[in-house]
Amino acid sequence: MKRIVLLSMCTVLCLQITACSALEQADSKTPAVEISDKLESGELAIDGKKYTFPSAISDWTNDGWHISNNYANTDTFEMEYLVESNEFEVFSDEKESEYVSMCAINFESEPAKIVESTTAYLSMKLIDGKKSMQVVLPGGITSKSTKEDVISAYGEPDEEDGEDLRYYYTNSDGLDIAVEISIVNEKVYMAAFALADSNWGSVTNAQECVEFINAALETSFYGKFDTYVEGKFDTEEGAQALYESEVEYYAQGLMYYLDIDSETVDGGIADGFRDVSRAVLAKFKWDDPVVDMADGATWGSFEITMYPTDFLDIIEEPVLAVMDSGLEGDEYAQGMLDAITPKVEEISYKEGVTESYDLDIEDGIISQETWDEIDDILMDLTE
């Protein structure tokens, strides 16, 4: 696929959150700021400034925070769609001692830098001190608050592990959020927000790998993405974008093969090649993958037999006729489109190609290189 990546989310709920109503800050010198008293708001206040989770990383960098040197290449490093970064720190430019820990995730279809991405994880300490970062959570929870204060503000936790209180909710954007409040010496010491694992489709065994691979292929080539979306491997919009990217990839390759300049060709003719692309992709065929993965394992392999179409072979004769016709420009492009379109219904298949690839369910399940190779085999574009 051109952009299928299954996200491996932070599995350790070392979470931290902040959100508040019109509350008094722990430090009287810190101005009050109005934030919601509902945990589900994702709002928090730091030194009298309002933030939310999740939010754009740029909301922080534009407000006087900078990304730590852990990402020395932040200006050039880019993440693919739905890929999450490693954990890093964001420091305040006003107070060197102030920092929060973050992970970033790219929700856009195109590769994005960290600063262009969204917070996937946000963690901070709540420390009582004049030089400390003054944090307020929903319901007025601060470094002075007790476990009883937290429960009074948010209710009984969904999970409790020692002095760690865990809460889960779904925000207004439909994202599942996990929150952890840590108590040390009977006071709130740390809080964290994270995008919960339940936001993403999971694969845990060989049969689920088979189902995932088939769903991903059907999304990419047939535009049938109900199973893919229901499994939370992507949103409906993202799945549609994946399908359209495959259509565009094949249409561009077809025009290049036919010596048509896709940048200057008439838009209507280009759309005609996209229609042909959709029709050819709908003919793609493969056998169910055979997955080799032991019970409880996180890695393994799969073997898949693919049947490339003979479309490029059966259009050869009419294509040569157009090339010899003397047509130029859009007339040439239209002639090619007219010549190849009827051939779609004549498509048959070449001998099956069987390949074996690695699986790693903790690292995207299947690598981008593997998806690209599967694309090119089915499209008969391999050299």
Side-chain angles (χ1 to χ4, degrees), residues 5 7-20 25-27 30 33 42-108 110-137 142-143 164 175 177-182 184 188-197 199 362-364:
V5 179
L7 180 64
S8 297
M9 296 300 297
C10 296
T11 56
V12 178
L13 276 180
C14 190
L15 311 172
Q16 198 172 347
I17 156 181
T18 48
C20 325
Q25 305 294 326
D27 186 342
T30 301
V33 58
E43 295 179 354
L44 61 140
I46 299 178
D47 290 342
K49 294 183 179 180
K50 180 178 175 179
Y51 299 93
T52 60
F53 179 91
S55 65
I57 303 293
S58 59
D59 287 352
W60 293 78
T61 57
N62 291 340
D63 199 26
W65 299 77
H66 67 271
I67 297 172
S68 71
N69 291 331
N70 290 358
Y71 273 96
N73 60 339
T74 51
D75 291 337
T76 57
F77 174 75
E78 292 185 332
M79 298 183 298
E80 296 292 333
Y81 175 69
L82 282 189
V83 167
E84 183 182 336
S85 74
N86 295 326
E87 187 175 333
F88 58 93
E89 287 75 43
V90 174
F91 286 86
S92 169
D93 289 339
E94 297 179 3
K95 296 181 182 179
E96 292 184 0
S97 62
E98 293 192 357
Y99 74 92
V100 297
S101 297
M102 288 186 179
C103 292
I105 184 172
N106 176 22
F107 280 132
E108 301 302 322
E110 297 298 323
K113 298 176 183 178
I114 287 180
V115 73
E116 299 168 339
S117 300
T118 302
T119 50
Y121 169 76
L122 174 63
S123 160
M124 70 210 74
K125 294 178 181 178
L126 282 71
I127 300 175
D128 188 13
K130 291 183 178 180
K131 294 184 179 180
S132 301
M133 184 170 64
Q134 301 302 311
V135 179
V136 183
L137 306 181
T142 70
S143 59
D164 294 334
L175 291 170
I177 308 297
V179 181
E180 184 168 290
I181 310 293
S182 298
V184 174
V188 173
Y189 175 71
M190 181 173 285
F193 275 146
L195 297 177
D197 289 344
N199 288 299
E362 290 188 340
D363 188 22

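- At least one side-chain heavy atom of Trp60 sits less than 4.5 Å from a side-chain heavy atom of Val100.
- To the nearest 0.5 Å, atoms NE2 (His66) and CD (Glu89) are separated by 10.5 Å.
- Looking at every heavy atom in both residues, Ser55 comes nearest to Thr52 through OG-O, 3.1 Å.
- Panel note: side chain Asp63, backbone Asp59; no donor-acceptor pair is recorded below 3.5 Å.
- In this structure, the side chain of Ser123 does not engage the main chain of Ser101 through any donor-acceptor pair within 3.5 Å.
- Taking the side chain as every heavy atom from C-beta outward, Leu195 and Thr118 never approach each other to under 4.5 Å.
- Between atom CZ of residue Phe77 and atom CD1 of residue Ile67 there is a gap of 10.5 Å, rounded to the nearest 0.5 Å.
- When side chains are defined from C-beta on, Glu98 counts as touching Asp47, because their heavy atoms get closer than 4.5 Å.
- Here the side chains of Pro111 and Val83 are not in contact, with every heavy-atom distance at 4.5 Å or above.
- In this model, a donor atom of one side chain and an acceptor atom of the other lie less than 3.5 Å apart for Asp164 and Ser182.
- A donor-acceptor contact shorter than 3.5 Å links the side chain of Gln134 to the backbone of Ser132.
- Side-chain contact between Met79 and Ser117 is present, with at least one heavy-atom pair separated by less than 4.5 Å.
- Contact annotation: the side chain of Lys125 approaches that of Tyr99 to within less than 4.5 Å [non-hydrogen atoms, C-beta and beyond].
- Atom CD in Glu84 sits 11.5 Å away from atom CG in Asn106 (nearest 0.5 Å).
- When side chains are defined from C-beta on, Leu82 counts as touching Ile105, because their heavy atoms get closer than 4.5 Å.
- Atom OG of Ser85 and atom NZ of Lys113 lie 15.5 Å apart (nearest 0.5 Å).
- Taking OH from Tyr189 and CD1 from Ile127, the interatomic distance works out to 5.0 Å, rounded to the nearest 0.5 Å.
- The two residues Ser68 and Phe91 make their nearest non-hydrogen contact at CB-CE1, 3.8 Å.
- Taking each heavy atom of Phe53 and Tyr121 in turn, the nearest pair found is CE1-N, 3.6 Å.
- Residues Ile57 and Thr119 have side chains in contact (heavy-atom distance under 4.5 Å, counting atoms from C-beta outward).
- The neighbour count for Phe107 CZ, taken as heavy atoms of other residues, nucleotides or ligands under 6.0 Å away, is above 12.
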